[in-house]
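Taking it in order: structure first as structure tokens, then the write-up.
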Amino acid sequence: MTTPDNQRSDQFFIEHQTENLHLGFRITRTLLSEQTPYQKLDVFETVEFGNLMTLDDKVMLTERDEFFYHEMLVHPAMLSHPNPKRVAVIGGGDGGAVREILQHPGVEEVVWVEIDGAVVEASRQFFPSVSQLALSDPRVSLSVAPGEEVLGRYDDSFDVLIVDSTDPIGPAVPLFEAPFFKMCQKSLKADGIYVTQCGTPLYFPEEIHSMAGQLRQVFDSVRFYTGFIPFYPSGLWAYVLGAQVPLAVETGAIAQRYAAAELNCRYYTPELHQASGVLPGFVQKLVAG
Ligand code: AG3
């Protein structure tokens, strides 16, 4: 895209993805910049990718590419389950994961727990296409609280539990460790499915390796998969499903559920659902049992 002259500002938001690699977005203005009780929250208007939200100077989403992430976080878990009705989301304050869950007509209730109300508010204001549905659908109940506080009250309750957090380094680390995995497992029904994003295998190999071991202590089936995300570090992103039931489902069954739900995704397809579980060699080694 060529930038009109009146938008050719010299201002950039730059994420320091590693000490040695930075990703920069040309921005036209800063729409919001605040220190919440939990983190630094910024929203920028970019020239090319719509509005951009960052937390602690890390890219969370842009309007242009958020579907890559939200569809791949939500639909593999939702379609691996034969009939998810009661779903929980931990994090995902922007509402993108909840929006994708609500596309499934069988869903009756979404229990959504986000620690930082400022993120929800920023999304309401600056990312309506992401937040609107989540904030208006009567099936959703939102609590602004730490995930573990609310989740601890549930036992044998959810068909699907989705954790949409920040990176597996820094403040979210407890969400990637065995005590929290156990709590997730306990909150799920016997055939319930857990899923979380787990960062990039290229820059966070130790975190992903250690998670794999801890998840296997808690869940009988663990299935890692990857997807491409243009603006997250390295572009190669990992997710993981956990359950006490087998997680391999035939493509035919997935395709049938996809058609029955009348989903209309832009990134996710039933074929990609299967293909995403075929891991690059170095990732296979990282997560091997
Ligand atoms: N959750 C995962 C963001 C991780 C991005 N990491 C980074 N840029 N270093 C995003 C929330 C979207 N609902």
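Numbering of ligands and ligand atoms starts at 1, following listing order. Any value given below was found using the heavy atoms of this structure, including those in side chains, with hydrogens, waters and symmetry copies removed.
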Step-by-step ring pair (Phe, Tyr, Trp, His ring centres under 6.0 Å) determination, F25 to F231: CA-CA 10 Å; F25 293 80; F231 309 134; 5.2 Å; yes
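Going from atom CG of L175 over to atom CZ of F180 covers 5.0 Å, rounded to the nearest 0.5 Å. A distance of 10.5 Å separates CD1 of I193 from CZ of F219, quoted to the nearest 0.5 Å.
Here the protein heavy atom with the shortest distance to atom 2 (C) of ligand 1 is S165 O, 3.1 Å. For atom 8 (N) of ligand 1, the closest non-hydrogen atom of the protein is V59 O, 2.9 Å.
The residue A97 has no part lying near ligand 1, judged by heavy-atom distances below 4.0 Å. Contact annotation for Q17 and ligand 1: no heavy atom of the residue comes within less than 4.0 Å of the ligand. Neither the backbone nor the side chain of F231 has any atom closer than 4.0 Å to an atom of ligand 1 (non-hydrogen atoms only). Of the heavy atoms in D94, only side-chain atoms (C-beta onward) come closer than 4.0 Å to ligand 1.
The distance criterion of under 3.5 Å between nitrogen or oxygen atoms is not met by P233 with respect to ligand 1. Looking at E15 next to ligand 1, an N or O pair under 3.5 Å apart turns up.
Distances shorter than 4.0 angstrom do not occur between any heavy atom of F127 and any atom of ligand 1. Not close to ligand 1: L61, with no non-hydrogen atom less than 4.0 angstrom away. Residue contact annotation: H70 has a non-hydrogen atom under 4.0 Å from ligand 1.
V140 places none of its side-chain heavy atoms less than 4.5 Å from the side chain of V89.
Checked by atom type and distance alone, the side chain of E109 never pairs as donor or acceptor with a backbone atom of R139 at under 3.5 Å. In this structure, Q103 contributes its side chain and L263 its backbone to no donor-acceptor pair below 3.5 Å.
A distance below 6.0 Å separates the ring centres of F68 and Y267.
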